[in-house]
Amino acid sequence: MKKFVSAACTGLVCLSMAACGSGGGTAGTDSGSESGKKRITLAKENDVISMNTAYATDGMSFEMIAATVDGLEAMDADGNVIPALAESYDLSDDELTYTFHLRDAKWSNGEPVTAQDFVFAWNETVKSPKAEYSYLFTQDGACIKNADEIVYDQKDADLAVKAVDDKTLEVQLSKKCPYFLSLMTFPVFYPINQEFFEEQGDQYALTPDALLACGPYVLTEWTKGQSLKLDKNQDYWDADNVAIDGMDVNIVPEVSTSALDFENGNTDWTKLNSTLVDKYKDNEAYDTFLEGYLWYLQFNLNNKHLENANLRKAIGTVVDRDNLVNNVLKDGSINIGGFVPQEFTTGPDGKDYRATADKFYTEVGEDGLKAAQEYWDKAKKELGVDKITLKLLYEPSDPAKPAAEFIQSEIQKLDGITIEMVSQEKENRIEKQKARDFDIVLTRWGPDYADPTTYLNLMITGNSYNYGDYHSEAYDAKMEEAANAATPEERWTALQEAEKILMEDSPVVGVFQVGGAALKNPKVTGIEDHSFGVPYIYKNVKIEE
């Protein structure tokens, strides 16, 4: 038995923000709330979709859930796993049983946080057909015993998790899971108080009154589509290390509006889009960072033309990714031709995944067009066609819209291919993907945990996110080989070999990895951005005098 004991965090973990510049910031003012309170104001493009940990699927929801609820583990500013509600854990010698020891913590109604809160929450999620992230409990995620049978086979059973007592949670795995602790930082694995949940019924998590907090903040106001207000949770187990009195979050769909709010001193943080980068790039409050989100093209292999691998390679090759990220997006996004981002996860050798993996779709400019034309010529012969029309599904938001328009123009450089644009808001775009109502879709994936499998598992036969219905026995076998590898080194090699098979078949092709550009009040530090899991964490925000 291996025992792991870590002291609770002491002191503030703060990320240094941009150097002081002109304009922006409300730190230390009332920000539209109680005078004298230390609060920050954030501008966000999208509202929270769900505060229910079982059903949340978007980054904004994850951010607000993580601000109000703790999991067993959390992340520090550098993305390392650190203790949260579990102050320590034991790991069995065969690495198949985790035993977590919970600290003294309370829900905002005064009830203690117990091991049973996790048992209830996890079983509630895996047994719900509407819980899209239930797959993370299976061998496609945390490998919790019985999860595959419940989620995929609809077996009437419980997960192999149990409350040994109020402060002890035992979790049994079906096989070793090297990234298990990283997953415990993700909201779908957070606890739910069963009695409160059942009292609220179908109203649970729809309003602040229908929610409980056991994290650094409490959601006190929520006007759908407009704003959220979070106040410091005075009963939080680590309240001494929460330095601000709360946050005000304004939903501002137009980034130009939130940027003006920043200039006028009404906002402490706002993301920028590509159209505003040139305007603010010399401002000392301007900052860029690389995110883990990967935008990629997914092909519907049920389409008689897109069944052809050479056609898929032609489309993947003709897109000049350098031109896209440098001259269209201009927000710090980078060219990526594979299916695993860079600066996201490291291997057993301590090197970034992309540093040791093969490179794919590296041709740009005239070289890319020439190589793509060769693939297209082969495809025309194999398909017996000279002209085809394909529909490109995308969402009309930044960066998807400018990227999709650029991709259309690039593909149509191939004589005989016409691309019709299908613009749908994100939720409708996803519904069309689920219904296989697309030819090509520009879609994205944000990593749930720091391991290549968070991307590579998506393309295993039968995965619920394998919307193009890709099937490869070679790919599935290589992923299974990685899952059962004897050593971390063998596992890493197998994962990189699997990606090579995937890129050779090209049912998906990476286009760009998202870069973030933002304006940040230099007096505010500790807004932690992460390339996987919860995009932004606010526990350690601090306002400098």
Side-chain angles (χ1 to χ4, degrees), residues 43-50 55-63 132-133 224-225 251-258 270-277 291-300 303 306 315-316 319 321 324-325 328-334 336 339 341 389-412 419-448 455 458 464-468 507-518 535-536:
K44 295 285 183 174
E45 290 182 83
N46 301 307
D47 197 2
V48 169
I49 293 177
S50 177
Y55 300 124
T57 59
D58 63 294
M60 181 59 177
S61 297
F62 295 151
E63 288 178 37
E132 292 189 31
Y133 274 84
K224 299 290 179 64
I251 311 304
V252 188
E254 294 296 329
V255 179
S256 57
T257 301
S258 59
T270 179
K271 200 168 183 180
L272 297 174
N273 60 23
S274 57
T275 61
L276 293 174
V277 167
E291 299 180 356
Y293 284 106
L294 173 68
W295 282 92
Y296 59 97
L297 294 175
Q298 184 167 46
F299 302 104
N300 187 347
N303 179 292
L306 290 169
I315 292 170
V319 178
R321 293 161 174 81
L324 172 63
V325 299
V328 177
L329 301 180
K330 300 183 292 185
D331 59 358
S333 295
I334 62 171
I336 190 109
F339 202 55
T389 297
L390 298 169
K391 294 180 179 179
L392 174 60
L393 175 64
Y394 70 100
E395 60 191 68
S397 60
D398 196 88
K401 185 175 186 291
E405 291 170 346
F406 177 84
I407 290 167
Q408 178 195 32
S409 66
E410 291 289 279
I411 297 174
Q412 291 186 156
I419 298 296
E420 295 182 356
M421 303 293 274
V422 180
S423 175
Q424 293 286 320
E425 296 293 339
K426 181 180 178 180
E427 291 187 36
N428 292 335
R429 185 260 293 170
I430 293 172
E431 289 305 313
K432 279 185 169 290
Q433 288 178 251
K434 291 178 180 178
R436 276 52 175 175
D437 184 13
F438 71 97
D439 295 334
I440 311 169
V441 58
L442 178 62
T443 185
R444 76 170 190 175
W445 186 257
D448 304 322
Y455 287 95
L458 299 177
S464 58
Y465 292 92
N466 185 355
Y467 299 126
V508 289
V509 294
V511 180
F512 65 97
Q513 183 176 346
V514 174
Y536 295 94

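- Of all heavy-atom pairs between Pro535 and Tyr293, the closest is CG-OH, 3.9 Å.
- A heavy-atom distance below 4.5 Å is not found between the side chains of Ile49 and Met60.
- Applying the salt bridge (Lys or Arg N to Asp or Glu O under 4.0 Å) test to Lys401 and every residue at least two apart in sequence or in another chain returns Glu405.
- Closest non-hydrogen pair, Ser258 versus Ala43, comes out as CB-CB, 3.6 Å.
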**Prompt:** Could you walk me through whether Ile407 and Tyr394 pass the side-chain contact (heavy atoms from CB on, under 4.5 Å) check?
**Reply:** CA-CA 11 Å; Ile407 290 167; Tyr394 70 100; over 6 Å; no
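- In this structure, Glu420 has no salt bridge (Lys or Arg N to Asp or Glu O under 4.0 Å) partners at least two apart in sequence or on a different chain.
- Here the closest heavy-atom approach between residue Val508 and residue Gln298 is recorded as CG1-CG, 3.8 Å.
- Rounded to the nearest 0.5 angstrom, Glu425 CD and Ile430 CD1 are separated by 11.5 Å.
- A donor-acceptor pair is defined here as one N or O able to donate and one able to accept, closer than 3.5 Å; no such pair exists between the side chain of Asp437 and the backbone of Lys432.
- Counting only heavy atoms from C-beta outward, the side chains of Asp331 and Leu272 never approach each other to under 4.5 Å.
- Between Trp295 and Phe512, the ring-plane angle classifies as parallel under the 30° and 60° cut-offs.
- Surrounding CD of Gln412 are more than 12 heavy atoms belonging to other residues, nucleotides or ligands, all under 6.0 Å away.
- Nearest heavy atoms, Leu393 versus Gln424: CD1-CG, 3.7 Å.
- A 4.5 Å side-chain heavy-atom check between Leu329 and Pro402 finds at least one atom pair inside the cut-off.
- Take Lys434 and apply the salt bridge (Lys or Arg N to Asp or Glu O under 4.0 Å) test, not counting sequence neighbours, and it matches Glu132, Glu431.
- Taking OG1 of Thr443 as the start and CG of Leu294 as the end, the distance is 9.5 Å to the nearest 0.5 Å.
- Annotation: side chain of Leu306 is in contact with side chain of Ile315 (closest heavy-atom distance under 4.5 Å).
- With a 4.5 Å cut-off on side-chain heavy atoms, Leu276 and Val255 count as touching.
- Pairing each heavy atom of Leu297 with each of Val511, the nearest pair is CG-CG2, 3.9 Å.
- A donor-acceptor contact shorter than 3.5 Å links the side chain of Asn300 to the backbone of Phe438.
- Side-chain atoms of Val514 and Arg444, non-hydrogen and from C-beta on, never get closer than 4.5 Å to each other.
- Relative ring orientation between Tyr133 and Trp445 is described as parallel, the plane-to-plane angle staying below 30° on a 0-90° scale split at 30° and 60°.
- Minimum heavy-atom separation, Leu392 to Ala404: CD2-O, 3.8 Å.
- Every residue meeting the side chain to side chain donor-acceptor pair (under 3.5 Å) condition with Thr275, not counting sequence neighbours, appears here in chain and number order: Asn273.
- Applying the side chain to side chain donor-acceptor pair (under 3.5 Å) rule to Lys271 yields the partners Glu291; only residues at least two apart in sequence or on another chain are considered.
- Looking at Ile419 and Met421, their side chains come closer than 4.5 Å, going by heavy atoms from C-beta outward.
- Using a distance-only test at 3.5 Å, with no hydrogens or angles considered, a donor-acceptor pair links the side chain of Arg436 to the main chain of Tyr467.
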**Message:** Before you tell me yes or no, could you show the steps for Ile411 and Leu390 under side-chain contact (heavy atoms from CB on, under 4.5 Å), namely the whole-Å CA-CA distance, both residues' side-chain angles and the distance that decides it to 0.1 Å?
**Reply:** CA-CA 10 Å; Ile411 297 174; Leu390 298 169; over 6 Å; no
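- Proximity of a side-chain donor or acceptor of Ser61 to a complementary backbone N or O of Ser50 within less than 3.5 Å is detected.
- For Arg429, the salt bridge (Lys or Arg N to Asp or Glu O under 4.0 Å) partners are Glu395, not counting sequence neighbours.
- The shortest distance between side-chain heavy atoms of Val319 and Val509 does not fall below 4.5 Å.
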